[in-house]
Amino acid sequence: MSKRRYEDACGTALALEFVGERWALLILRELLLGPRRFGEIRAGLPGLSANVLTQRLQGLEADGIVVREKLPPPSSVQVYALTPWGYEVEPVVMAMGRWALRSPQHDPSLPFSRVSLMLALRMLLLPDRAAGWTGRIGFRLGEEAYRVTVADGALAVDRGTLDDSEAVFVGEPNDFLPVLFGTMPLAIALAEGRFAVEGDTARAADFATLFLLPPRIGA
């Protein structure tokens, strides 16, 4: 076994032994909505080289956080998935993300992965506004599809389906950020051609009001 770098009994120090390497926590982020192929993980993290991704996946697998699986026929491709213990990292990822969004250094113009967008919806949902809102909204992001269900003040995401969606946002993650982060009305974004909405535009506009960035420090 490799020697721990911190030599510290604190759980936080041990957690950093598992996910403190560059890219490790972001790889886990990309797996929070289900198994993904090697290329899909790289697509969500464009600055990550194939060699480093291989190394990080090997380390996470050795630590019992990630497991390799083979999808059933007809795909029969290898994917990487979080173990049950690995999925327990989600509240850590969400809490860190929400905490960092309060920094003036946050730049929403930087690349934003498709999984990040879906997780941001969970993170930025305003429970008070969502309490009386029930519905299903889809997102067609390139070749990927996601369905968001809001009910009882909570938000769930299903990957790979748009079934029963009242409206579907069509575009790429960065296109939607001004609307979903509460800085631009949907009508203006559509008029400017930032993205498209299929189905009930009024429901899409209502959905967009359920989210808001946390206040920045010093604001």
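- A salt bridge between Asp175 and Arg194 is absent, with no side-chain N of the basic residue lying under 4.0 Å from a carboxylate O of the acidic one.
- There is no path of hydrophobic side-chain contacts, each under 4.5 Å, that joins Leu126 to Leu121.
- Under a hydrophobic clustering in which Ile, Leu, Val, Met, Phe, Trp and Tyr are joined whenever their side-chain heavy atoms come within less than 4.5 Å, directly or via other members, Val79 and Tyr87 fall into different clusters.
- Evaluated for a salt bridge (Lys or Arg N to Asp or Glu O under 4.0 Å) with Arg136, the options Asp200, Asp164, Asp163 yield exactly one hit, Asp164.
- How far CG of Leu32 is from CG of Leu82: 5.5 Å, rounded to the nearest 0.5 Å.
- Between Arg56 and Val66, every side-chain heavy-atom pair lies at or beyond the 4.5 Å cut-off.
- Ile27 has its side chain out of reach of Tyr80: every pair of non-hydrogen atoms, C-beta onward, lies at least 4.5 Å apart.
- Note on Glu40 versus Arg114: no salt bridge recorded, every NZ/NE/NH1/NH2 to OD/OE distance being 4.0 Å or above.
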Please lay out, stage by stage, how Val150 and Ile137 fare under the test side-chain contact (heavy atoms from CB on, under 4.5 Å). CA-CA 8 Å; Val150 179; Ile137 300 295; over 6 Å; no
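- Both Val157 and Phe176 belong to a single network of hydrophobic side chains, linked directly or stepwise wherever heavy atoms of I, L, V, M, F, W or Y lie under 4.5 Å apart.
- Annotation: Trp99, atom CH2; neighbour count of heavy atoms from other residues, nucleotides and ligands within 6.0 Å does not exceed 12.
- A donor-acceptor pair is defined here as one N or O able to donate and one able to accept, closer than 3.5 Å; no such pair exists between the side chain of Asp63 and the backbone of Ile65.
- One finds the CZ atom of Arg102 at 7.0 Å from the CD1 atom of Ile217 (value rounded to the nearest 0.5 Å).
- A donor-acceptor pair under 3.5 Å is formed between the side chain of Arg98 and the backbone N or O of Met123.
- Counting all heavy atoms, side chain and backbone alike, Ala145 lies closest to Leu162 at CB-CG, 3.9 Å.
- The structure places CG of Leu141 at 11.0 Å from CZ of Phe112, a figure rounded to the nearest 0.5 Å.
- A parallel orientation is assigned to the rings of Phe169 and Phe139, their planes being inclined by less than 30° (bins at 30° and 60°).
- If you take CG on Leu124 and CG on Leu119, they are separated by 10.5 Å, rounding to the nearest 0.5 Å.
- Connection of Ile41 to Leu71 is not established within any shared hydrophobic cluster, with ILVMFWY side chains joined at heavy-atom distances below 4.5 Å, either directly or through further cluster members.
- Residues Phe207 and Val179 fail the side-chain proximity criterion, which asks for heavy atoms closer than 4.5 Å.
- Here the closest non-hydrogen pair linking Phe211 and Arg129 is O-NH1, 4.4 Å.
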As a quick check of understanding, evaluate side-chain contact (heavy atoms from CB on, under 4.5 Å) for Glu90 and Arg122, giving each step before the final call. CA-CA 11 Å; Glu90 179 173 350; Arg122 287 186 186 175; 2.3 Å; yes
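- For the residue pair Leu33 and Arg159, the shortest heavy atom distance occurs at O-NH1, 3.7 Å.
- The backbone N or O of Tyr6 sits less than 3.5 Å from a side-chain atom of Glu17, completing a donor-acceptor pair.
- Between the CD atom in Glu172 and the CD atom in Glu144 there is a gap of 8.5 Å [rounded to 0.5 Å].
- Within the 4.5 Å cutoff, the side chain of Val19 has no heavy atoms near those of the Val92 side chain.
- Note on ring orientation: taking the six-membered ring where Trp is involved, the planes of Phe18 and Trp85 are perpendicular (angle over 60°, cut-offs 30° and 60°).
- In the displayed structure, Gln105 atom CD is contacted under 6.0 Å by at most 12 heavy atoms of other residues, nucleotides or ligands.
- Residues Glu166 and Gly135 approach most closely at OE2-CA, 3.0 Å, considering heavy atoms.
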Would Val115 and Tyr146 count as a side-chain contact (heavy atoms from CB on, under 4.5 Å) if you check the C-alpha gap in whole Å, the side-chain angles of each, and the deciding distance to 0.1 Å? CA-CA 9 Å; Val115 171; Tyr146 296 86; 4.0 Å; yes
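- Here the shortest heavy-atom pairing between Leu53 and Arg42 reads CD2-CG, 3.2 Å.
- Nearest heavy-atom pair, Glu30 versus Arg36, reported as atom, atom and distance to 0.1 Å: O-CD, 2.9 Å.
- One hydrophobic cluster, built from ILVMFWY side chains closer than 4.5 Å, holds both Leu101 and Leu180.
- Atom CG of Leu190 and atom CE of Met184 lie 10.5 Å apart (nearest 0.5 Å).
- Side-chain atoms of Thr209 come within 3.5 Å of backbone atoms of Asp206 as a donor-acceptor pair (strictly under, hydrogens ignored).
- In this pair, Phe181 and His106 present their aromatic rings tilted. The plane angle is within the 30 to 60° band.
- With hydrogens and angles ignored, the 3.5 Å screen pairs a side-chain donor or acceptor of Asn174 with a backbone N or O of Leu110.
- Taking 4.5 Å as the limit, every side-chain heavy atom of Phe38 sits out of range of all side-chain heavy atoms of Arg68.
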